[in-house]
Number of protein chains: 2
Amino acid sequence: MPHPKGAWAPEWAGDRVQRRRLSTDAIVAAGLELLAAEGIDAVTMRAVAARLGTGPASLYAHVRDKQDLHELMLDAVFAEVHVPDPEPERWQEQLKEAIRSVYEALARHPGIAMVNMAHIPLGPNALRCSERLLRICLAGGLTEEMSGLCVDLLTLYPTAVAVEDAIWYERGKRSDWMNSEQAVIGRLGDYFGSLPGEVYPTIRAMAPFLLAGNGQDRFEFGLAVLIAGVDALKSWRPQPSSSDPERVVGRH
Amino acid sequence: MPHPKGAWAPEWAGDRVQRRRLSTDAIVAAGLELLAAEGIDAVTMRAVAARLGTGPASLYAHVRDKQDLHELMLDAVFAEVHVPDPEPERWQEQLKEAIRSVYEALARHPGIAMVNMAHIPLGPNALRCSERLLRICLAGGLTEEMSGLCVDLLTLYPTAVAVEDAIWYERGKRSDWMNSEQAVIGRLGDYFGSLPGEVYPTIRAMAPFLLAGNGQDRFEFGLAVLIAGVDALKSWRPQPSSSDPERVVGRH
DNA sequence: ACCTGAACACCGTTCAAGT
DNA sequence: ACCTGAACACCGTTCAAGT
């Protein structure tokens, strides 16, 4: 009893449901679903293809390789980032809002942050984000030199924290016991307490401060340090020479 | 013509050269050699085993798994980090020296930085480093709360930059053309220049500043921002309430 | 206790062949 | 142009068996 393809189903079903054509967008969407469901390690060419009802080789017509797929997914995530319009007098708070937004978007898709670290993101959504960050810096009165370097530095921070988060998240999914934030902090406290006091007296004494705060608190702390530093160096220019006007005037 | 194992070599060669026993240290050393020669992706259980003249299964008697091996390699790298003894009046410069030293050690072994991001490093050498960082912070007059949070933040920065470096390094090894720093900056400049001016006017105008400086300059810039921020928040304590003395006095 | 070969269940990517 | 099955050259880890 031969069983020709599709003979068991009416033609319209094959056309409308089964025969959805592959496309870059569909592949990126499937990748993001897989990322949400099973983490970045599960976003393999094979798994994405399987989710679309095909084999891995079919994806290569729409996507250069796995790295390319990951970059496309990253730019889709950058679409969720909101960077406010410049209000010059509160540039510091606006930069904080923007960096929080980058962090939240990356954190909403655990695992994608590493991709942001691995590439200078050049997709349209990432560029829009940089464009608007630059405007806030310049409106705030930072030098052009500062502004140019700040965009990178300010983006690196939420990315790095999100990478750390994702690793903990991944680990927590694999085994629920022992890996909750509380459990880890508890064991770390015990560990620090058990260290030889002659070798690590400061770590022992400072253990409560080393373990203080949750992830949110620690993120906000780093953010406060960064923006305070940017403010302090607001007028920074590279390698001011000894002919710098202020210095010369200062000597009068 | 059968060819029994070792029949072509004198017995003493087999005993003295071939039969070196496996040990955790030997495995870690082989891992670091492989890392230097071929990058972190080449540090597979199979390749490390092959370098030691055995099969992958043999390593599992000395090392829990691949992650464990990577952590052991990381602590070996932390042995190269130098953190100076505290001199209270120049704590800022000392923190910079320490962070540079972390960065340099990680950069000397491209690829290992990711391991530092994936774990709270708890090996003896990493702990010694934290211990000494803490001492500098406290000697400099930072609050205990600040000092505790600073160690993490200050370590995250060189680690994140080293992760980025390693990815570029890896890419440069694969194909020498198109991936040198100069070539990438050149193409990025072209790309920014080709962007539609109505959508990305600031990026277009700021292109030279976005691409300014080499890796070293950019690292030093971030370091300056960080330490300036730490200095500005020197007396920081978590969530100061409205009963904060200075605020009350300020109203008089 | 330490080491081994073989096997299991995976990868990314290529390629000739189909439509 | 797009899609496919099959193959290639790899992985990490487990396990029974050896010493």
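Atom set for the values below is all heavy atoms of this structure, side chains included, hydrogens, waters and symmetry mates excluded. On a predicted model such as this, the values are computed, not experimentally measured, just so you know. Quick note on labels: first sequence line is chain A, next is B, and so on, each numbered from 1.
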Extract all donor-acceptor atom pairs below 3.5 Å that involve side chains of residues 46-55 of chain A and protein atoms in other chains or at least two apart in sequence.
{"from": "A:R51", "atom 1": "NH1", "to": "A:E33", "atom 2": "OE1", "distance (Å)": "2.5"}
{"from": "A:T54", "atom 1": "OG1", "to": "A:S58", "atom 2": "OG", "distance (Å)": "2.8"}

Run the side-chain donor-acceptor check on residues 116-123 of chain B: report pairs under 3.5 Å with partners two or more places apart or on a different chain.
{"from": "B:N116", "atom 1": "ND2", "to": "B:T159", "atom 2": "OG1", "distance (Å)": "3.0"}
{"from": "B:H119", "atom 1": "ND1", "to": "B:V115", "atom 2": "O", "distance (Å)": "3.2"}
{"from": "B:H119", "atom 1": "NE2", "to": "B:Q67", "atom 2": "OE1", "distance (Å)": "3.0"}
{"from": "B:H119", "atom 1": "NE2", "to": "B:E71", "atom 2": "OE2", "distance (Å)": "3.3"}

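Every residue was checked against the side chain to side chain donor-acceptor pair (under 3.5 Å) condition with A:E38, not counting sequence neighbours, and none meets it. Residues satisfying the side-chain contact (heavy atoms from CB on, under 4.5 Å) test with B:S23, not counting sequence neighbours, are B:D25, B:A26.
Note on residues 109-128 of chain B: no pairs pass salt bridge (charged side-chain N to carboxylate O under 4.0 Å, His left out), not counting sequence neighbours. Applying the salt bridge (charged side-chain N to carboxylate O under 4.0 Å, His left out) test to residues at least two apart or on different chains, the pairs with a partner in residues 104-126 of chain B are B:E80-B:R108. Applying the ring pair (Phe, Tyr, Trp, His ring centres under 6.0 Å) rule to pairs touching residues 52-73 of chain B yields nothing, sequence neighbours excluded. Legend: salt bridge (charged side-chain N to carboxylate O under 4.0 Å, His left out) pairs involving residues 152-164 of chain A, not counting sequence neighbours, sorted by first then second residue: A:D152-B:R218. Sequence neighbours left out, not one pair with a member in residues 113-124 of chain B passes salt bridge (charged side-chain N to carboxylate O under 4.0 Å, His left out).
Side-chain contact between B:L223 and B:Y103: absent, with no pair of heavy atoms (C-beta onward) separated by less than 4.5 Å.
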Can you name the atoms? Protein N/O to nucleotides 16-19 of chain C N/O, anything below 3.5 Å, with the distance.
none

What protein N or O atoms touch nucleotides 11-14 of chain C N or O atoms at under 3.5 angstrom, if any, and at what distances?
{"from": "C:dG12", "atom 1": "OP1", "to": "A:M45", "atom 2": "N", "distance (Å)": "3.4"}
{"from": "C:dG12", "atom 1": "OP1", "to": "A:K66", "atom 2": "NZ", "distance (Å)": "3.4"}
{"from": "C:dG12", "atom 1": "OP2", "to": "A:M45", "atom 2": "N", "distance (Å)": "3.3"}
{"from": "C:dG12", "atom 1": "N7", "to": "A:R46", "atom 2": "NH1", "distance (Å)": "2.4"}
{"from": "C:dG12", "atom 1": "O6", "to": "A:R46", "atom 2": "NH1", "distance (Å)": "3.0"}
{"from": "C:dT13", "atom 1": "OP2", "to": "A:Y60", "atom 2": "OH", "distance (Å)": "2.9"}
{"from": "C:dT13", "atom 1": "OP2", "to": "A:K66", "atom 2": "N", "distance (Å)": "3.1"}
{"from": "C:dT13", "atom 1": "O5'", "to": "A:Y60", "atom 2": "OH", "distance (Å)": "3.3"}

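Taking the P atoms as reference points, D:dA9 lies 22 Å from C:dA9, given to the whole Å.
Counting to the nearest Å, the P atom of C:dC3 and the CG atom of B:L59 are 10 Å from each other.
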Secondary-structure notation, DNA chain C, from Watson-Crick and G-U pairs under 3.5 angstrom (| other strand):
||.|||||...|||||.||
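Neither OP1 nor OP2 of C:dA1 sits under 4.0 Å from any side-chain N or O of B:H62. Within the 4.0 Å cut-off from OP1 or OP2 of C:dT4, at least one side-chain nitrogen or oxygen of B:S58 is found.
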